[in-house]
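A quick write-up on the structure given underneath.
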Amino acid sequence: MLLLVQYTLIFASVLMLVALGGCFSEHSGVINLGLEGIMVMGALGGALAMKYMGADASAPAIIFGTTLAAIVCGVVFSLLLAFACVNFNADQTLVGTAMNLLATAFATIIARAINTAEDPNNVSNTIQYIQQKKALIVNINGFEFSWFMLFALVALILAYIILYKTRFGLRLIACGENPQAADSVGINVYKMRWAGVLISGLLGGLGGIVYITAGVSEWKFEVGVAGFGFLSLAVMIFGQWKPQRIALAALMFGFFRALSNVYSGIAFLNALNIDSKIYNMMPYIISLIVLAFTSRNSAAPKAEGIPYEKGSR
């Protein structure tokens, strides 16, 4: 049961970070369907940081370096969405989809190129971080506490404060609700949308490295992040674009995802003799069911997905 709690919290941390990122982007008026790709790039940056820092690096250095690399890669990759959709009014859905395809292909090529350069006979696209991963975890009486769980909690608190208690957050929300009205009182809608997208890149990149270090010590980049970017969007919608509700939704979806890792160790679940693939499918099935019943009453930002043109009404 302790293992179930552990995996629930780590997967909930991933979903919470990425969903909060999507929340910032959509509150600014930009739909970020590229969260999946941003996660992949953040995972690649963090994994490479751990690989090249080596096992001899101190724990604080590994934590800081890995986090920073994941964040930087996520932010840099999100520039594509901001530049295309804010400056050129490109279709946000198409750009996000293209980013997802690009990220997985790019990460696969980079990982394979690095492995081949080190060993011409090694054509895999897997990056290992066996020893380095130990720096990210503290064992507390059998419970593996990841520092990323703490990061997710801090991100949740900061997201709530920034969105609802600061001038920046209120302006960001105004740009997603009525950008023309925001512009009329002197708010630069373009800058606020850029800020929203870049924050989503920061949190999405961090969510990517959290995901690939959850329970494993190597990652094969051709599998991407197994749809967690889209699952995070479902968490955001179910959470009604509000940080506190997103946290609860993340815990629920994280619980169902955790079942696929630990069901064999839970007696009554193991006795049901259900195929493991069913447990792997469960969070995605749950997301479809939940969204089918709740999306009708969703309170999405009114101007999300609508390109802003200065002077338009």
Margin query: Are Val189 and Phe88 linked, directly or through intermediate hydrophobic residues, by side-chain heavy-atom contacts shorter than 4.5 Å (ILVMFWY only)?
Written below: yes
Notebook entry, point to check: So do Pro243 and Tyr164 actually touch side chain to side chain, heavy atoms under 4.5 Å?
Noted result: yes
Check: Going through the checks in order, is the side-chain contact (heavy atoms from CB on, under 4.5 Å) test met by Leu80 and Val95?
Finding: CA-CA 8 Å; Leu80 293 174; Val95 174; 5.7 Å; no
Next item on the list: Give, for atom CE of Met39 and atom CG of Leu203, the distance between the pair rounded to the nearest 0.5 Å.
Entry: 11.5 Å
Notebook entry, point to check: Are Met50 and Ile209 close enough, and set up right, to give a side-chain contact (heavy atoms from CB on, under 4.5 Å), and what steps lead you there?
Noted result: CA-CA 10 Å; Met50 285 191 285; Ile209 190 60; 3.9 Å; yes
Note to self: Any side-chain to backbone donor/acceptor pair from Glu218 onto Thr126? Under 3.5 Å, distance only.
What the structure shows: no
Item checked: Rounded distance [0.5 Å steps], NE2 in His27 versus CD1 in Ile162 -> 12.5 Å
Checklist line | Check: Glu36 side chain, Leu33 main-chain N or O, donor-acceptor pair, under 3.5 Å | finding: no
Note to self: Between Glu118 and Lys51 (salt bridge meaning N to carboxylate O under 4.0 Å), is one present in this structure?
What the structure shows: yes
Next item on the list: Taking the side chain as every heavy atom from C-beta outward, state whether Ile212 and Tyr129 have any pair of such atoms under 4.5 Å apart.
Entry: yes
Check: If you look at every heavy atom in Ala182 and Cys175, which pair is closest and at what distance?
Finding: CB-SG, 4.2 Å
Next item on the list: Kindly assign one of parallel, tilted or perpendicular to the pair Trp147 and Phe145, based on the angle between their ring planes and the thresholds 30° and 60°.
Entry: perpendicular
Margin query: With heavy-atom distances below 4.5 Å as the criterion, would you say the side chains of Asn32 and Leu35 are in contact?
Written below: yes
Next item on the list: Take Leu233 and Glu26, measure what side-chain contact (heavy atoms from CB on, under 4.5 Å) needs, and give me the verdict at the end.
Entry: CA-CA 10 Å; Leu233 288 173; Glu26 297 206 7; 4.3 Å; yes
Item checked: Gap between atom CE of Met282 and atom OG of Ser260 - 0.5 Å precision -> 9.0 Å
Item checked: Aromatic plane relationship, Trp219 with Tyr211 - under 30° parallel, 30 to 60° tilted, over 60° perpendicular -> perpendicular
Notebook entry, point to check: What closest approach, in Å, do Asn115 and Ser124 show between heavy atoms, and which atom pair accounts for it?
Noted result: ND2-O, 2.8 Å
Next item on the list: Count the heavy atoms belonging to other residues, nucleotides or ligands that lie under 6.0 Å from CZ of Phe64, then report whether that count exceeds 12.
Entry: no
Next item on the list: Could you pull out the closest heavy-atom pair between Gln132 and Ala55, with the gap in Å?
Entry: NE2-N, 3.9 Å
Note to self: Any non-hydrogen side-chain atom of Leu20 less than 4.5 Å from a side-chain atom of Ser200?
What the structure shows: no
Check: What distance do Ile71 atom CD1 and Leu206 atom CG have between them, rounded to the nearest 0.5 Å?
Finding: 5.0 Å
Margin query: Using a 6.0 Å cut-off, check whether atom CZ of Phe106 has over 12 heavy atoms from anything other than its own residue.
Written below: no
Margin query: Give me the atom names and distance for the closest heavy-atom approach of Gly37 to Asn100.
Written below: N-OD1, 2.7 Å
Next item on the list: Would you sort out whether Thr108 and Asn125 count as a side chain to side chain donor-acceptor pair (under 3.5 Å), showing the intermediate values?
Entry: CA-CA 6 Å; Thr108 301; Asn125 46 50; 4.9 Å; no
Note to self: In the structure I gave you, are the side-chain heavy atoms of Gln6 and Leu2 within less than 4.5 Å of one another anywhere?
What the structure shows: no
Note to self: Between Arg245 and Phe238, is there a side-chain heavy-atom distance shorter than 4.5 Å?
What the structure shows: no
Next item on the list: Using a 4.5 Å cut-off on heavy atoms from C-beta on, say whether the side chain of Ile114 contacts that of Tyr52.
Entry: yes
Next item on the list: For Ser146 and Met149, run side-chain contact (heavy atoms from CB on, under 4.5 Å): C-alpha distance rounded to whole Å, both residues' side-chain angles, the deciding distance at 0.1 Å, then the answer.
Entry: CA-CA 6 Å; Ser146 170; Met149 295 178 188; 4.2 Å; yes
Notebook entry, point to check: Which heavy atom of Ala135 sits nearest a heavy atom of Ile63, and at what distance?
Noted result: O-CD1, 3.5 Å
Check: Under 4.5 Å between any side-chain heavy atoms of Val210 and Phe11, yes or no?
Finding: no
Next item on the list: Measure centre to centre between the rings of Phe256 and Phe253, then say whether the value is under 6.0 Å.
Entry: no
Next item on the list: Work out which heavy atom in Gly204 is nearest to a heavy atom in Ile38; give both atom names and the distance.
Entry: C-CG2, 3.7 Å
Next item on the list: Would you check if there is a donor-acceptor pair between the side chains of Asn89 and Tyr308 at a distance under 3.5 Å?
Entry: no
